[in-house]
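Below is one structure; the comments refer to it alone.
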Amino acid sequence: MSAKGIRIERLSKRFGEGDTAVLALKDVNMHVAPGEVVGLIGPSGSGKSTLLKCLGAVIDPTSGRMILDNTVIYDDGWKVRDLRALRRDKIGFVFQAPYLIPFLDATDNVALLPMLAGVPNEEARQRALDLLTALDVQHRAHALPAQLSGGEQQRVAIARGLVNRPPVILADEPTAPLDSQRALTVIGILNDMARRFEAAIIVVTHDEKIIPTFKRIYHIRDGVTYEEAGEGRGFT
Amino acid sequence: MISLAGRDIMHAWGKFVFTGIGLGLLIGVTLTMAGVYRGMVDDATVLLDSSGADLWVVQKDTLGPYAESSSVPDDLWRSIRVMPGVAQAANATYLTMQVGKGDQDVRAMVVGIVAGEPGAPGWPPQLVAGRQITRGHYEAVADLAAGARLGDVLKIRRSHYTVVGLTRRMVSSNGDPMVFIPLKDAQEAQFLKDNDAILMQRRRTEANPAFNRPEVPGLLDAVIASQTGNSYVNAVLVRILPGFTSQEVAEPIRRWKRLTVYDRTQMEGILIGKLIATSARQIGMFLVILALVSAAIVAFIIYTLTMDKIREIAVLKLIGTRNRTIAWMILQQSLVLGVIGFVVGKISATFAAPLFPKYVLLVPIDSLLGFGAVLAICVLSSVVSIRMALRVDPAQAIG
């Protein structure tokens with residue numbers, strides 16, 4: 001069984017102890033292959049954020065197994081030692097709001113990640129510029145976030161999520177602040193990047209406009225996921 | 001790796017500069033307070049230097065003539081002059097009072113010196129203009145800080161004195177400018193009573209049968225004459241011969257004349273250790289308070305700046321930024337704030353010091369110590385913010 005991309009098996013997360021314990025995730029299974037973009041949909045309180053935090057190695061699952069790019073990250077209480085480096089090198093994040101660093105220009109916002117990983121400044125900036133060019137915001141490369149439009153900010157944020165070429169990208173409501181056209185553009189970019197960089201992308205969304213674009217969708221309710229085939233419209 | 005702190009500072013430079021200026025003014029006050037203390041010490045040293053004395057002979061068991069009142073007979077100097085090792089001995093009086101100058105008056109230390117003996121202990125060693133006192137009465141040499149010019153007329157008690165010479169940095173331990181006048185005039189000024197008081201005293205003396213004896217002619221006049229005159233001075237200043245130590249000369253004076261004698265080191269101890277000790281403690285308290293206020297301001301500013309960046313810090317942590325990178329960013333910002341504050345403070349203190357009525361002496365070692373203290377305060381002040389930043393959960397970036 002391939003574990004390229006990201007695979008989780010029987011992943012559970014419990015908050016609290018005893019009578020007050022809450023089981024936020026119950027034996028969740030999920031696999032996203034490289035180059036694939038899947039949707040994760042569920043109502044508020046269903047466990048979406050908890051699952052995203054577990055996938056992002058921000059919180060530890062209580063039990064279960066998680067394999068990222070053929071590397072076991074969690075295994076029933078065991079976890080890799082340096083989660084910070086794992087997040088930096090293996091996982092890309094795209095948030096609902098871009099959350100760009102306000103005092104860095106677009107290029108340096110993107111180049112910061114490879115710089116943190118020890119890539120020389122010039123090489124990191126070149127990598128950032130290449131991505132900004134791919135996302136068609138190269139003309140705003142030296143603009144501060146406050147000088148960018150919402151769509152430009154989101155594209156810069158996507159570039160930041162991709163710059164270290166992580167095998168997994170987690171996108172949390174990436175189209176929420178955008179209109180229909182821009183939302184579809186962003187999803188198009190994510191699909192394009194998934195193919196180009198062989199990244200497994202999980203998009204958490206409520207956005208009705210983009211749900212039909214996924215080929216596969218994971219629904220989550222009360223901490224339990226189930227999978228269904230999506231329509232996969234618009235992107236091939 | 002780019003400097004996150006540097007970029008943040010450049011991005012919000014106005015906030016940093018204006019906060020730095022505010023902090024700088026506070027640091028400027030702190031440096032000036034230290035300068036005030038140094039100035040007081042320097043004033044005390046100047047007072048001793050300008051007296052030109054090696055020994056101060058004063059009334060037994062007093063801390064005179066500067067820290068306590070002291071009174072010794074004005075003919076004592078003759079017997080001291082012939083003691084072994086004494087090169088010169090001269091009477092001196094010191095009287096801090098308001099000296100009239102035109103329509104105004106100025107606080108000054110009036111020094112009585114023996115007229116016509118330039119170079120004797122107590123005399124102003126150098127003049128910046130004019131000449132030394134040559135006449136026995138009504139001439140004065142004044143310090144520039146008194147605002148006097150050559151030819152000005154100063155009023156001391158009921159007498160008027162023409163300024164014939166000017167000095168610079170001749171001040172008392174309180175920083176009051178010195179005004180030198182002839183000894184006899186100073187003695188008179190020291191004990192001069194108003195006419196009514198003199199009249200009342202004569203009446204009381206006349207009414208006293210012990211003094212007013214008809215069978216002893218001239219007794220009453222003699223008693224009244226002794227009451228109106230002043231044959232005392234505050235100290236005898238002694239310069240010792242080469243080859244003698246202070247102790248060698250002072251010991252016989254103490255033993256045989258039953259007087260208290262201080263050498264230069266002891267006199268410095270009295271002036272700095274006793275006379276300005278309370279002021280020094282006062283200034284020390286101010287320095288501590290100002291340091292605490294500075295620390296609180298830096299801590300508050302850095303805390304606020306960090307709070308403004310909580311979401312960005314969460315994002316930085318989520319994308320894998322090391323804790324030490326974030327801590328270093330906050331620490332750098334705190335240090336930059338301190339450096340801006342110190343530069344502003346040093347400049348403001350340098351320009352403000354001459355405007356103070358008393359001498360403010362800014363010495364490099366205080367600036368260095370101040371700079372070190374500012375950096376230390378900045379480091380300590382950033383600890384709270386760093387702790388807060390390191391506690392930020394990267395999950396906050398996800399929501």
Side-chain angles (χ1 to χ4, degrees), chain A residues 44 48-60 82-105 107-121 124-125 144-146 157 160-161 163-164 166 170-173 176 204, chain B residues 1-20 301-302 304-337 340 385-386 389-399:
Chain A
S44 296
K48 286 197 308 290
S49 292
T50 305
L51 179 55
L52 198 68
K53 287 171 186 172
C54 287
L55 292 169
V58 177
I59 61 173
D60 299 339
D82 193 353
L83 292 174
R84 181 190 55 75
L86 177 89
R87 287 200 300 269
R88 185 189 65 206
D89 300 332
K90 300 275 187 182
I91 305 171
F93 294 92
V94 180
F95 310 107
Q96 179 174 348
Y99 296 140
L100 299 174
I101 309 299
F103 47 83
L104 298 180
D105 65 20
T107 307
D108 283 342
N109 255 291
V110 179
L112 181 62
L113 258 82
M115 287 178 187
L116 288 171
V119 175
N121 286 7
R125 287 204 175 97
L144 290 170
R160 180 176 64 185
V163 69
N164 273 351
L170 304 174
D172 184 17
E173 304 271 9
V204 175
Chain B
M1 181 65 192
I2 51 178
S3 165
L4 292 174
R7 294 297 185 86
D8 193 17
I9 290 166
M10 292 307 291
H11 181 248
W13 67 269
K15 196 186 287 183
F16 270 87
V17 167
F18 285 112
T19 306
I301 296 295
I302 293 298
T304 308
L305 291 172
T306 308
M307 283 294 287
D308 289 346
K309 289 195 287 282
I310 284 294
R311 178 70 79 169
E312 285 80 9
I313 288 170
V315 172
L316 284 170
K317 293 181 85 167
L318 184 69
I319 64 178
T321 308
R322 288 185 178 91
N323 277 344
R324 66 167 178 262
T325 305
I326 293 167
W328 180 229
M329 177 180 80
I330 295 168
L331 183 60
Q332 276 179 300
Q333 291 183 338
S334 186
L335 291 173
V336 166
L337 201 57
I340 294 172
S385 301
I386 288 171
L390 297 188
R391 282 182 187 165
V392 171
D393 186 355
Q396 282 186 34
I398 294 176

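It should be emphasised that the depicted structure is a prediction, and the values quoted were computed from it without experimental measurement. All chains are named by letter (A, B, ...) in the order of the sequence lines, taking the proteins before the strands, and each is independently numbered beginning at 1. Side chains are part of it too, since the values below use all heavy atoms of this structure and drop only hydrogens, waters and symmetry mates.
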If you round to the nearest 0.5 Å, how far is [atom2] of [Y] from [atom1] of [X]?
X	Y	atom1	atom2	answer
A:Asn109	B:Arg7	CG	CZ	10.0 Å
A:Tyr99	B:Arg311	OH	CZ	3.0 Å
A:Leu104	B:Asp8	CG	CG	8.5 Å

Return the minimal non-hydrogen interatomic distance between A:Pro102 and B:His11, and the atom names on each side.
->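 That would be O-NE2, 3.4 Å.
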Proximal component of A:Leu113, with respect to chain B [non-hydrogen, under 4.5 Å] |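 The side chain, not the backbone.
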Chain B heavy atoms under 4.5 Å from A:Pro120: which part of the residue, side chain, backbone, both or neither?
->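 No part of it gets close to chain B.
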Derivation and outcome, side chain to side chain contact (heavy atoms under 4.5 Å, CB included), residues B:Ile9 and A:Phe103 = CA-CA 8 Å; B:Ile9 290 166; A:Phe103 47 83; over 6 Å; no
Identify all side-chain donor-acceptor contacts of residues 13-20 of chain B below 3.5 Å with residues at least two apart in sequence or on another chain.
| from | atom 1 | to | atom 2 | distance (Å) |
| --- | --- | --- | --- | --- |
| B:Thr19 | OG1 | B:Lys15 | O | 2.5 |

Donor-acceptor list for residues 317-324 of chain B side chains, cut-off 3.5 Å, not counting sequence neighbours:
| from | atom 1 | to | atom 2 | distance (Å) |
| --- | --- | --- | --- | --- |
| B:Lys317 | NZ | B:Leu390 | O | 2.6 |
| B:Lys317 | NZ | B:Val392 | O | 2.9 |
| B:Thr321 | OG1 | B:Leu316 | O | 2.7 |

Top residue by heavy-atom pair count (under 4.5 Å) with chain B, among A:Asp89, A:Ile101, A:Val119?
->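 With the most close heavy-atom pairs to chain B, the winner is A:Ile101.
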Tell me, out of A:Val204, A:Asp108, A:Leu52, who's got the most heavy-atom pairs with chain B below 4.5 Å.
->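 If we count pairs closer than 4.5 Å to chain B, A:Asp108 comes out on top.
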Are any of the side-chain heavy atoms of [X] and [Y] separated by less than 4.5 Å?
X	Y	value
A:Leu100	B:Val315	no
A:Val58	B:Asp393	yes
B:Pro394	A:Arg87	yes

